[in-house]
Amino acid sequence: MNLKVLISFLGLVAYASCNPLKLNVTQLLCNSPEADAAAQVSLDFINAQHTHGYKYTLNQIEDFEVITKPDGTQVYLLELEFLETKCHVYHPKLVSECEVRPKSEMAVEADCDVALSEAGGNFSVVAFKCKTEIETIGLCVGCIILDALNDTDGNQLVQNTLEHLNKNHTLQATFALLDIGRLTHQIIGGGARRIAEYAIIETNCTSVDDVNCVPLDHAVARHGFCHAEGNGNNAQATCEIFEVGSAPPAGPVSPSTKQGLKHHELTALHDPSATGYLSSESHSAEKAPVVKRTAGDPQPALVAKPEILLPRCPGKVIHF
Ligand SMILES: *[C@@H]1O[C@H](CO)[C@@H](O)[C@H](O)[C@H]1NC(C)=O
Ligand SMILES: *[C@@H]1O[C@H](CO)[C@@H](O)[C@H](O)[C@H]1NC(C)=O
Ligand SMILES: *[C@@H]1O[C@H](CO)[C@@H](O)[C@H](O)[C@H]1NC(C)=O
Ligand SMILES: *[C@@H]1O[C@H](CO)[C@@H](O)[C@H](O)[C@H]1NC(C)=O
Ligand SMILES: *[C@@H]1O[C@H](CO)[C@@H](O)[C@H](O)[C@H]1NC(C)=O
């Protein structure tokens with residue numbers, strides 16, 4: 001706690017000393033090719049840092065502006081909303097081909113602030129911070145309930161189905177659990193139907209009788225993704241096994257998921273050169289409060305500005 005306070009205090013000092021004058025902030029259009037390009041670079045960068053759970057996709061560009069520093073250099077700031085897809089981070093599919101998790105399955109969304117530099121029309125990410133949350137919908141009968149990733153029954157379903165899979169395929173390989181993506185349950189007809197989604201990785205063992213199975217290196221291992229469903233002892237799983245080398249290269253390993261959480265969080269703060277652009281003390285504090293979108297809400301009323309016909313921001317909602 002103290003450390004965090006100290007870091008943000010130092011960030012503030014660095015920020016303030018570089019910008020003794022009022023910041024020159026120019027507001028840009030969220031519905032523009034530049035905003036789209038910057039958002040795409042941000043999404044790819046943030047996905048590449050994420051080594052647990054699912055790939056994210058862009059849902060909306062919420063704000064876009066540029067700060068011109070006294071020395072003439074510029075920093076672009078983007079506020080983005082991402083949604084979780086159904087593709088695990090090791091799935092070879094491109095994000096654009098991945099299905100977005102619907103709200104009815106307790107979707108996960110992330111709000112990210114990204115600072116970018118620009119050169120020759122190309123953006124690159126300097127720093128970002130993200131806040132990941134579950135989209136809560138009201139409790140309902142028969143609804144899908146997200147369980148903690150360390151849930152005992154969910155983990156049992158994973159172990160049982162993976163063991164069964166290893167005894168029952170013809171690939172001459174033994175797979176180990178790589179990452180649990182999500183665990184859910186649903187109360188139907190007097191029992192709990194559980195669903196587990198998990199990623200697996202090939203080990204050096206070729207038979208279930210081998211011991212001390214160790215995952216092979218990511219570059220040479222086969223990866224897979226399993227969807228398991230169970231009700232008591234009656235459980236089954238279907239797994240997709242990907243070609244060797246088709247899985248995206250493993251990025252820097254992100255910190256393992258906090259125990260007790262129900263979803264994998266995106267990196268909360270990435271600011272290797274301590275720019276301080278994303279510190280909570282930055283200019284964003286002066287902005288109007290963001291109206292939180294809820295299911296079924298109409299789009300927020302446009303603030304009419306005489307000479308602008310389209311709202312400057314936010315940009316269009318891509319999914320929901
Ligand atoms: C702010 O930056 C813009 C370029 O983005 C420049 O045209 C303008 O003169 C600057 N304004 C001040 C007050 O420095
Ligand atoms: C911008 O990107 C294009 C295409 O990737 C590349 O050819 C060009 O050299 C880049 N420009 C700069 C200034 O880096
Ligand atoms: C393999 O799967 C079949 C069909 O689900 C099942 O009947 C059989 O018992 C399984 N074999 C093992 C060793 O689990
Ligand atoms: C797999 O690797 C581990 C560690 O190197 C070793 O102890 C084990 O015997 C290996 N298993 C097989 C089946 O080669
Ligand atoms: C899951 O993790 C939380 C937080 O560490 C802990 O309180 C809880 O007992 C754990 N649950 C299980 C089933 O291990």
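Atoms within each ligand, like the ligands themselves, are counted from 1 in listed order. The basis for the numbers below is simple: all heavy atoms, side chains too, and nothing from hydrogens, waters or symmetry mates.
Per-atom contact check: atom 5 (O) of ligand 2 does not touch the protein, criterion being a heavy-atom distance below 4.0 Å. Distance check for atom 14 (O) of ligand 4: a protein heavy atom is found below 4.0 Å. Put simply, atom 9 (O) of ligand 2 has no protein non-hydrogen atoms near it, under 4.0 Å away.
Using a 4.5 Å cut-off on side-chain heavy atoms (C-beta onward), V108 and L83 make no contact. Using a 4.5 Å cut-off on side-chain heavy atoms (C-beta onward), Q74 and K69 make no contact. Contact check for T132 versus H263: side-chain heavy atoms found under the 4.5 Å cut-off. Residues I46 and L266 have side chains in contact (heavy-atom distance under 4.5 Å, counting atoms from C-beta outward).
Ranking the protein heavy atoms by distance from atom 11 (N) of ligand 5 puts N150 ND2, 3.0 Å first. From the protein, the heavy atom lying nearest to atom 2 (O) of ligand 4 is N204 ND2, 2.2 Å. Of all protein heavy atoms, the one closest to atom 7 (O) of ligand 4 is N212 CB, 3.8 Å. In terms of protein heavy-atom proximity, atom 3 (C) of ligand 2 is nearest to N122 ND2, 3.6 Å.
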With side-chain contact (heavy atoms from CB on, under 4.5 Å) as the criterion, how do R182 and L146 come out once you've worked through the C-alpha distance, each side chain's angles and the decisive distance to 0.1 Å? CA-CA 7 Å; R182 58 161 42 206; L146 206 49; 3.7 Å; yes

Start with the C-alpha distance between L177 and Y198, add both sets of side-chain angles, then the distance that settles side-chain contact (heavy atoms from CB on, under 4.5 Å), and finish with yes or no. CA-CA 7 Å; L177 178 63; Y198 56 95; 3.7 Å; yes

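Residue D210 has at least one heavy-atom neighbour below 4.0 Å for each of these atoms of ligand 4: 13 (C). Shown in contact with G120 at under 4.0 Å from a heavy atom are these atoms of ligand 2, numbered in order with element: 13 (C). Listed by atom number, the atoms of ligand 4 under 4.0 Å from V214 heavy atoms are 2 (O), 3 (C), 4 (C). With ligand atoms numbered from 1 in the order given, ligand 5 contributes 13 (C) to contacts under 4.0 Å with heavy atoms of T152.
Heavy atoms of A119 approach ligand 2 to within less than 4.0 angstrom.
Ring-plane geometry between Y90 and H218 is classed as parallel, the angle between the planes falling under 30 degrees on a 0 to 90 degree scale with a further cut at 60.
Considering every non-hydrogen atom in both V244 and R222, the closest pair reads CG2-CG, 3.4 Å.
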